[in-house]
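These notes concern the structure reproduced below.
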Amino acid sequence: MIETDDFVVDYLVNQGLVTNEQVEQAKQKAEAGDVDSTLQGLYQIKAITEPEVIQFLAAEYGMDTYDFYSTTERISPEVIELIPAEVVRRYKIMPVGLNGQILRIAVSDPTDVDSVDAVRYLLKMEVESVLASKTQIEQAINYYYGSGDMGVDTVLQDLTETTTELTVGSTMDATIDSNANEDESAPLIRLVSLIILEAFRTRSSDIHIEPLEKRFRIRYRIDGVLNEVESPPKYLQNQILSRLKLMAGMDLSEHRIPQDGRIRFNAMGRELDLRVSDLPTTHGESIVMRILDKSGVMLGISELGFMEDDQNMINKIINFPDGIFLVTGPTGSGKTTSLYSFLHALNQPTRKIITAEDPVEYELSGINQVQVNTEINMTFAAVLRAMLRQAPNIIMVGEIRDQETGEIAINAALTGHLVFSTLHTNDAPSAITRLLDMGIKPFLVASSVRAIMAQRLVRRLCKTCRHPHEITDDEIDRLKAKREDFEGMEFMEGSGCSECKKGYKGRMGIYEIFILDDSIHNLIYELADAGVIRRRAMQLGMRTLREDGIRKAAAGITTIQEVIRLTVNDEA
């Protein structure tokens, strides 16, 4: 951006967007060296925002604008590979997409035609420029190309040179680590930041840092599957663990008991929240960081992966005036994402929504969220009792873990509240027997539970490299089916490409939705086992997880191998 051009500041004054007093204040900041220019000074004193100036320059020069922060799709590797890293850094430009055979590049200076011409000449292709923030372009370059010397090899080499005096297994002093925090260019700081940034870049949900006997392993969970990546040498183990514990606000001197913490990290302008778990093991402290990306849970119901008939059923369920709606599945099956999406759809000024969570993973605007804390006796049951006195319309309980919590949730449902909660069961009908096993009376379960949904997350097929797949006899056997059951169905699989690496990109849900009726209520009164309830639910039209997975595989959304992997315990 032309931050030093007087005409930009003059225009802002002439249009009444900033005052002469604000300009003078901004100039003083520039002269004092606090900022690089008067315009940057105006940003700092919040007289005007950078996006507003971008819009002015775009209108002045007849250009389109590009906002990296509001764009949810990552720039494809094919586009990134078109321009070498040294070129984007030299000309301070960033490739953002291909429009047919025309490469679109983001620039911060609309008058810098020389850079655009240079890129056009180097690539021997047509180039068009769009206007973007200088700050965003710099962050995008660091994100997609690495910040200059921030490659893993370079960082590890720097660390080796600065820690030659350390012996294998030596412990880094906490004071040294705290002081290093003040120097963001220190190799150790850069390496830890790179580990987190690379996890976000690869769409990982978790980072697993594991001290083994003879090596120090790092793995990323990408689309639900763990992948080992290049790991630092064993002798850096204690320094990296100390740095992560410091960032997470843990006690650096404690190595004997588990600890929990949180890290806030900025990745390409997006604020990430990492939930950190530290567990002492035989060969050191194992750390797992769960990456909580708020954009990932602010999905509409249509984006969760429901087919049209199931989506209509869910819309009907979440608009019941009262009752309990349970979501079941193992840890990591997407239950929180589903519940947040339901609450997001219901969140209106006319409704009061309160949640009790352990922990509160994401902050939802307009919703009252309560953190459970058992250390001060603020349990789910205690929070539930208190929130009922707040006259809510809708309640979410993170999990029904015991009889007391279950009975309070049921009483809330029976007194006119819509209650959402979760249980850890393998399928939807098993949630009924789980509640009964907790000691909750059958008549309470039958009169309050309206619907139950079980779910799993399967990997989505990459749209770029997917191709037809002929279902094999082994796959049919593992599905406990017959070949004629798949007559007329066409399945796909991915071969792996630069866009996805392994044939998959992203995840979606497969679901088992169970709405209770009078016949199910009678089975509950009779204390029928889960198998009986399940068979009756299927007679009523409940589609099992496996059946939902197969139809999504037949639609080319996922693969039959994924359905087998995630529903291995499902009934035929």
Side-chain angles (χ1 to χ4, degrees), residues 142-143 146-147 150-156 158-160 162-163 166 168-213 215-222 226-268 270-293 359 361:
N142 291 339
Y143 174 67
S147 56
M150 267 200 69
V152 173
D153 293 337
T154 305
V155 174
L156 288 177
D158 289 348
L159 273 167
T160 301
T162 56
T163 58
L166 295 175
V168 175
S170 63
T171 303
M172 183 179 189
D173 185 84
T175 304
I176 296 174
D177 192 69
S178 297
N179 292 336
N181 186 42
E182 298 173 4
D183 181 8
E184 294 299 327
S185 64
L188 178 68
I189 311 299
R190 289 166 30 222
L191 176 60
V192 172
S193 296
L194 179 63
I195 290 169
I196 299 173
L197 184 63
E198 189 63 24
F200 176 69
R201 185 185 305 182
T202 55
R203 312 185 318 276
S204 304
S205 59
D206 307 275
I207 307 171
H208 293 251
I209 298 180
E210 304 162 319
L212 305 179
E213 182 180 5
R215 63 193 184 101
F216 185 48
R217 182 171 67 180
I218 296 179
R219 294 189 289 175
Y220 296 153
R221 189 179 297 279
I222 304 173
L226 282 171
N227 296 267
E228 188 167 349
V229 298
E230 182 178 4
S231 301
K234 178 73 172 176
Y235 69 82
L236 294 175
Q237 170 180 311
N238 291 329
Q239 292 94 304
I240 292 172
L241 294 177
S242 292
R243 171 62 185 167
L244 287 169
K245 288 174 68 175
L246 179 71
M247 294 172 68
M250 296 178 182
D251 182 353
L252 295 182
S253 63
E254 181 57 73
H255 306 284
R256 301 162 301 168
I257 61 174
Q259 296 188 70
D260 294 311
R262 299 188 87 126
I263 295 174
R264 291 194 181 275
F265 188 84
N266 188 287
M268 206 6 230
R270 183 177 296 177
E271 186 79 17
L272 299 183
D273 197 2
L274 286 79
R275 196 170 75 201
V276 186
S277 171
D278 175 86
L279 178 68
T281 64
T282 306
H283 302 292
E285 294 170 87
S286 172
I287 286 182
V288 176
M289 294 180 281
R290 175 94 180 270
I291 300 175
L292 307 176
D293 181 8
E361 293 189 359

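What you see is a predicted model; the values in this text were computed from it and never measured.
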Rounded to the nearest 0.5 Å, what separates atom CZ in R221 from atom NE2 in H208?
4.5 Å
Rounded to the nearest 0.5 Å, what separation is found between the CD1 atom of I291 and the OG atom of S205?
7.5 Å
When rounded to the nearest 0.5 Å, the distance separating CG of L194 from CG of N142 is 11.0 Å
Separation between CG of D260 and CG of D278, rounded to the nearest 0.5 Å
8.5 Å
Minimum-distance pair of heavy atoms, taken over all atoms of I207 and L274
CD1-CD2, 4.5 Å
Can you name the nearest heavy-atom pair linking P359 to R275, along with the distance?
CG-NH1, 3.3 Å
P211 to S286 - nearest heavy-atom pair and separation:
CD-CA, 3.7 Å
Quick check for you: to the nearest 0.5 Å, what is the distance between L244 atom CG and I263 atom CD1?
5.5 Å
Using atom types as modelled and distance alone, determine if a side-chain donor or acceptor of Y220 lies under 3.5 Å from a backbone N or O of I195.
yes
Where do H283 and L212 come nearest, in terms of heavy atoms and distance?
CB-O, 3.7 Å
Does any non-hydrogen side-chain atom of I196 lie less than 4.5 Å from one of M247?
yes
Which atoms form the tightest heavy-atom contact between Q259 and M250, and what is the distance?
OE1-CB, 3.4 Å
I'd like to check the side chain to side chain donor-acceptor pair (under 3.5 Å) partners of S277; sequence neighbours left out, ordered by chain and number.
none
Are the side chain of S231 and the backbone N or O of V229 linked by a donor-acceptor pair below 3.5 Å?
yes
With side chain to side chain contact (heavy atoms under 4.5 Å, CB included) as the criterion, how do R290 and L292 come out once you've worked through the C-alpha distance, each side chain's angles and the decisive distance to 0.1 Å?
CA-CA 6 Å; R290 175 94 180 270; L292 307 176; 3.6 Å; yes
Sub-3.5 Å donor-acceptor pair from the side chain of K245 to the main-chain atoms of G261, do we have one?
no
Measure the spacing between CD of E198 and CD1 of I218 and express it to the nearest 0.5 Å.
11.0 Å
Do V192 and F265 come close enough that some side-chain heavy atom pair is under 4.5 Å?
no
